[in-house]
There are 2 protein chains.
Amino acid sequence: MERAVSTSTSSTGTQAIDRAALLVATVVRADEPLSFLDLHDECGLPKSTTSRLLTALERTELLERNASGSYVAGPLFWLYATRHDQWDELVRLARPTLERVSKDTRETVNLSVTRGDRVVQVAQVDSTYMLGTRDWTEVDVPAHCSALGKVLLAYGVLDVQQGELEQVTPSTITDREVLQRQLAQVTRRGYASTVDELEIGLTGIGAPVRGSGGEVIAALGVSGPSTRLENRLDELGRLLNDRAEQLSGLLRRRTRKEGVA
Amino acid sequence: MERAVSTSTSSTGTQAIDRAALLVATVVRADEPLSFLDLHDECGLPKSTTSRLLTALERTELLERNASGSYVAGPLFWLYATRHDQWDELVRLARPTLERVSKDTRETVNLSVTRGDRVVQVAQVDSTYMLGTRDWTEVDVPAHCSALGKVLLAYGVLDVQQGELEQVTPSTITDREVLQRQLAQVTRRGYASTVDELEIGLTGIGAPVRGSGGEVIAALGVSGPSTRLENRLDELGRLLNDRAEQLSGLLRRRTRKEGVA
DNA sequence: CTACTAGTTCCATTATATGGAACTGGATTC
DNA sequence: GAATCCAGTTCCATATAATGGAACTAGTAG
């Protein structure tokens, strides 16, 4: 009986596992409870097989059924999640994106999040190299004059600090009014920039990365000499926004089923 | 050919999946890279089978190999982790423990963590009922007079607040010196208590819960009328420490292999 | 060069997964 | 309260797909 084709780069002796893994991946990626039928449709396996596999996956704690009988990721996934810092995982998932941006722009790329009321860089591609361990470079750069900081401020992940805004260079914005107007613009355009505001000759551009619920959780950006970047702000801003959007898509719970609109 | 016995409550038509799941579970639970041979030994499957299954699991993103070729949890696990809040997962994993303590003691049981410099309750079993959603009861109780707060202070998860220590009841400790000595005792005994310090007639007892690296991440405790609890402090302290220890074990990366000491 | 150790590939064998069809059990309708 | 439908499970004959011993390969040490 000639089956359509083997799925992907066919392998031998693992049909059952490939199918089971397909079910697990579907559930995890969907990130919303999927009913038996959802899975049956989505994965295109015969009912009996689907049933058998799901039962086995539930027994082995890879999947679990919620109160209404739909399937969700099982205890093994929880266990993993509690043991691993979610920023760590963000970094792992973001890595390809960072490298892509690095390749696109040839500039220093980084990803920042807030920790308390500080902006910390959690990953960086610098020519080639990437900060790895938990001991992150806690760059203590004032948020109001860095591009990534502005992104986080603009989307309300961080609040503008109390008191005086430090005048780091002659270009630094110290007027709260002006800053607020600029932040509003950031949300409109979808990217932030700083030219010479943090350091003379240094330009940075950043865009927001959104998490599961659509809330901004991080900022993706590039920085480099103003000479190379200052007249490409918009181009790079769009690029970053694009890439950040893609990354967000990866993090976002797939809102509905993918089949029908 | 009579095989020893079927594993567990044998099921039909899923040998391959059961075995594959066993491999995945072993890797995830170990939470340290396991080599091919580790898995071969640990799971007791023939080499060829192990190899075949591992290859399939890697292909399907359930597992992944690190630089040195050892197996670790794959992209699907990362994805799950970034999408889910680790406190959420802590609550899920802790639920059975909480319920057990509830059954043991018949008192209100809760689990607290720090968020910023506040102590927040993330789960509670109260007679029967459990807070579920993300909108946690942010009990804003001063740390220095609650048992869970003391645990978090004692283990340095939280710092004793600046300024005056509020005198909530006549029994509240307001002398930093005295508090420090008591906190030292907490780490020695493995549990903390407050009798009438937060509210007259209210006693609480708490013990530390440790995370992946062995660091304290939460506190597990019970509270109830002093009349019922004040002369069982040590007994309950031990009980809680015990249960908290068990929960910690669940969260802790299994430090070495389990086989040989 | 020889002897290991770690892991992959082969391939004959058959145990094992498969899937169509029959079945169950709970809603929903008439 | 029977009849109908839908979601999901169980059955079972079939042959496909997983199995595992042994041969093989690659890398390392002695």
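Here is how names work: the chains are called A, B, and so on, in the same order as the sequence lines, proteins then strands, and each is numbered from 1. Here the structure is a predicted model, which means the values were calculated and not measured.
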Item to check | Heavy-atom pair of closest approach, residues Leu34(A) and Asp38(A) | outcome: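 Residues Leu34(A) and Asp38(A), closest heavy atoms: CA-OD2, 3.6 Å.
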Checklist entry - Is the base of dG20(C) touched by the side chain of Ser48(A) through a donor-acceptor pair closer than 3.5 angstrom? => result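 Between dG20(C) and Ser48(A), which were checked side chain against base, a qualifying N/O pair under 3.5 Å is present.
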Checklist entry - Side-chain donor or acceptor of Arg52(A) under 3.5 Å from a matching atom on the base of dG8(D)? => result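 No, no donor-acceptor pair under 3.5 Å.
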What's the [atom1]-[atom2] distance between [X] and [N], to the nearest Å?
{"X": "Phe36(A)", "N": "dG26(C)", "atom1": "CZ", "atom2": "P", "answer": "17 Å"}
{"X": "Leu54(A)", "N": "dA17(C)", "atom1": "CG", "atom2": "C1'", "answer": "15 Å"}
{"X": "His40(A)", "N": "dG19(C)", "atom1": "NE2", "atom2": "C1'", "answer": "11 Å"}

Item to check | Among dG7(C), dG8(D), dG19(C), the nucleotide that comes nearest once only the side chain of Arg19(A) is considered | outcome: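 Nearest to the side chain of Arg19(A) among the choices is dG19(C).
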Checklist entry - With respect to the side chain of Ser51(B), which nucleotide from dT18(C), dT9(C), dT19(D) is positioned closest? => result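 Selected nucleotide (nearest to the side chain): dT9(C).
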Checklist entry - Can you tell if the side chain of Arg100(B) reaches within under 4.5 Å of the side chain of Asp104(B), non-hydrogen atoms only? => result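 The answer is yes, as the side chains (C-beta and beyond) meet within the 4.5 Å cut-off.
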Item to check | Pairing of Glu42(B) and Arg29(B) as salt bridge, 4.0 angstrom limit | outcome: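 Not counted as a salt bridge, because no side-chain N and carboxylate O are separated by less than 4.0 Å.
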Checklist entry - Does the pair Leu23(A) and Arg19(A) meet the rule for a side chain to side chain contact (heavy atoms under 4.5 Å, CB included), with working shown? => result CA-CA 6 Å; Leu23(A) 290 169; Arg19(A) 289 169 158 193; 5.9 Å; no
Checklist entry - Distance check: side-chain N/O of Gln15(B) vs OP1/OP2 of dT19(D), anything under 4.0 Å? => result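 Result: yes.
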